[in-house]
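Residue numbers begin at 1 in each chain, while the letters A, B, ... track the order of the sequences.
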Protein chains: 2
Amino acid sequence: MKLKDLSELLHLSQTTVSRALNGYPEVAEATRRRVLAAAEAHGYRPNMRARSLATGRAMAIGHVIPVTARHEMVNPIFADFLAGAGEVYSRRGYDMLISIVPDEDQEQAYRELRTKGSVDGLIVHAPKLGDPRVHLLTEIGMPFVVHGRASDAVEPYSWVDMNNTHAFRRATDLLLDLGHRRIALVNGLENMDFAIRRRAGFEEAFAARGLTPDPALMTSEEMTEVYGHDTARTLLATAAPPTAFLVSSILPAIGVRRAIEEVGLRMGRDVSVITHDDDLSYLKNRGDVPVFTATRSSVRAAGQRAAEMLLDLVESPGSGPREQLLEADLILGQSTGPLLQSVSR
Amino acid sequence: MKLKDLSELLHLSQTTVSRALNGYPEVAEATRRRVLAAAEAHGYRPNMRARSLATGRAMAIGHVIPVTARHEMVNPIFADFLAGAGEVYSRRGYDMLISIVPDEDQEQAYRELRTKGSVDGLIVHAPKLGDPRVHLLTEIGMPFVVHGRASDAVEPYSWVDMNNTHAFRRATDLLLDLGHRRIALVNGLENMDFAIRRRAGFEEAFAARGLTPDPALMTSEEMTEVYGHDTARTLLATAAPPTAFLVSSILPAIGVRRAIEEVGLRMGRDVSVITHDDDLSYLKNRGDVPVFTATRSSVRAAGQRAAEMLLDLVESPGSGPREQLLEADLILGQSTGPLLQSVSR
DNA sequence: ATGAAAGCGCTAACAG
DNA sequence: CTGTTAGCGCTTTCAT
């Protein structure tokens, strides 16, 4: 069922039917009702690529997900962000296009999306120090919103970010309050913007008490399970092992916990682990086990906000860049169980 | 830079330029070289929407990801599958379209994708018992490959699946070999095809030794962290708690481990946990810690295979349905550390 | 308030 | 081998 069929059926021109369907004001109400009814009855759906060709708008937003050559893995956090964004897109009639691209082919991928006309805008994931993408996209005039911040970009740009510094400041404060001093920071790669901010929060908490974290306990790698595992094994085998781990994401946290189990330490009693990007919201109203987390649902909310911001940008190209800093949904507290043990030194 | 510009520049017709670019044989080699050079020089990219409209092919594959209304969460395993599939798509020039859809709106979503002409084919995720999608898609003539199996479908269809029964048979055997008898199965919802097969493998292992698993220890829910946590808390508080947990996926496994920590049991010594859909491949060549896992990279491979199968289907519509059963990359064995403890009863 | 006609950028018969 | 001519299904001037 295409427009032509529908118009012939109704003894109207394609023009009128199109106008009726798209809510143009110059159509008689009676006509509109007839058209809408017929469209509904025959299950008419406009062909998106024809419409796109005619209007010049793709009605699609692109997400370029970098996958690192070394690990061929995707951070599961992306899934939450995409879920949030996807919800907004479908509500507003947009499609979501995902390109899984090897890290080194990124620039190429962006240029292609532009000229192929497949998308109206882009979400930029995982900004790095010296990231060329903000400049590139500004140059080719593609609307975009950065998930995170590209701190050293020269031109203004739109972004949505979690307050990573604050979250890690608070998490570290929690551990320091419990008496921990040898705290391991298992962080992401420090050419990534978020990792730099997380470390800043960590150091800030120490500095506020006139302390300095041991550099040997601050590690930085791609956030895989193996990284968490090997880091924890190594650190726990040293003469002065950490009494607590602050882990940047859920995958390395699994590895850290596994390592602790392997060496026979008791979780919580001998060593404590708290994790960002986990989701413990279910523990919130239990009373017995308040712990630390920045929930994965926060990431979902960020996806929603970023998508809304981008669609606004796409639909009203005049507006300047916008920024939004979101506080993670943190749950902080002392466990009555052995999950977070205080330490006396 | 569009085709017309390019053709005028070269004093050729659009047709010839188009043919040269698309590798049609009837173009003179010299002409082709000229065209290719000019296209390269001016950074010409065909507009995909125009091409699609002309050819009737979208050059895009759709993935409909169900998100359950109750938990608003996306199984992180999807990320791995999508990464595998996405790699194949980009290699073969296809885009990947993701629709995040509330469970109940699925049928609608599929019909829309069809009539909107946004995709050439679909991957069907998370098939259930009595799943209407196989029938629906067959009826509307949309090529598709099921990730998993829709066991009770009447018409033939293409699928790629992991051998879930076998994986769980082997995992259960491992635990039974270690002397465990009270093994908790923390499984997915049993209206999901994969969960049914996993349970079958579990029961098969018991049956092969003339044993019967305790029904009270077999649980079935949506695979969230909270589910794993609460289930483990409940089971561990009973008069006859399990000595081991066999967990269907990584999220509930985190919850199970957390619960074990909370009640003060020692992981591996008091109770053992093994997890499907985790990725311990990094432990494979360590010698010291052979354990159990079905790696997440297996899921990635499944994504690749499904994508390849679907593209073949799309590009040669004649061929009948194909099927592929993949063995998970299992790592099984007794830990020398306390990860998997044997039990004497 | 409605319609005719001209594209959007590309591919695909059909000629030559 | 190359060019001419129609479309693909929809939107959008411009008339009426």
Side-chain angles (χ1 to χ4, degrees), chain A residues 1-36 38-39 42-60 93-95 112-120 315, chain B residues 1-36 38-39 42-60 93-95 112-120 315:
Chain A
M1 173 64 51
K2 47 196 197 185
L3 195 60
K4 193 173 173 209
D5 302 338
L6 197 61
S7 66
E8 283 170 358
L9 211 104
L10 287 162
H11 301 288
L12 284 169
S13 71
Q14 294 189 37
T15 315
T16 304
V17 177
S18 169
R19 283 200 272 242
L21 257 23
N22 292 308
Y24 281 61
E26 64 262 44
V27 180
E29 258 320 306
T31 313
R32 161 159 297 134
R33 251 193 292 283
R34 267 183 65 215
V35 172
L36 253 30
H42 295 79
Y44 167 78
R45 304 279 166 201
N47 179 312
M48 285 313 287
R49 50 194 81 264
R51 168 182 286 181
S52 290
L53 187 58
T55 58
R57 304 197 26 211
M59 294 307 282
Y94 283 75
D95 285 328
E112 291 222 337
L113 282 175
R114 171 29 145 219
T115 47
K116 293 200 311 184
S118 325
V119 302
D120 297 319
E315 290 174 357
Chain B
M1 172 64 51
K2 47 194 200 190
L3 195 61
K4 195 176 172 204
D5 303 337
L6 198 61
S7 65
E8 284 170 358
L9 211 104
L10 288 162
H11 302 289
L12 283 170
S13 72
Q14 293 189 38
T15 314
T16 304
V17 177
S18 168
R19 282 200 273 242
L21 258 22
N22 291 308
Y24 281 60
E26 64 263 43
V27 181
E29 256 320 306
T31 313
R32 161 162 297 135
R33 252 192 293 281
R34 266 182 66 215
V35 171
L36 252 31
H42 295 79
Y44 167 77
R45 304 276 167 203
N47 179 312
M48 287 312 289
R49 283 171 284 126
R51 170 183 282 180
S52 291
L53 187 57
T55 59
R57 302 196 29 211
M59 294 306 285
Y94 283 75
D95 285 328
E112 292 222 337
L113 282 175
R114 172 27 146 221
T115 46
K116 293 200 312 185
S118 322
V119 301
D120 298 318
E315 290 174 359

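- Atoms CZ (A:Arg57) and P (D:dT11) sit 12 Å apart, rounded to a whole Å.
- Among residues two or more places apart in sequence or in another chain, the side chain to side chain donor-acceptor pair (under 3.5 Å) test is passed with A:Arg51 by A:Asn22.
- For C:dT2, the OP1/OP2 oxygens have no side-chain nitrogen or oxygen of A:Tyr24 closer than 4.0 Å.
- With sequence neighbours excluded, the residues satisfying side chain to side chain contact (heavy atoms under 4.5 Å, CB included) with A:Asp120 are A:Arg57, A:Ala58, A:Tyr94, A:Val314.
- Nucleotide C:dC10 holds its C1' atom 13 Å from the CG atom of B:Asp5, rounded to whole Å.
- Take B:Arg34 and apply the salt bridge (Lys or Arg N to Asp or Glu O under 4.0 Å) test, not counting sequence neighbours, and it matches no residue.
- Applying the salt bridge (Lys or Arg N to Asp or Glu O under 4.0 Å) test to A:Glu26 and every residue at least two apart in sequence or in another chain returns A:Arg19.
- Taking A:Glu315 as the reference, A:Arg92 meet the salt bridge (Lys or Arg N to Asp or Glu O under 4.0 Å) condition, with sequence neighbours excluded.
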For nucleotides 2-10 of chain D, just jot down a letter per nucleotide in 5' to 3' order: B, S or -, based on protein non-hydrogen atoms under 4.0 Å. BBBB-BBBB

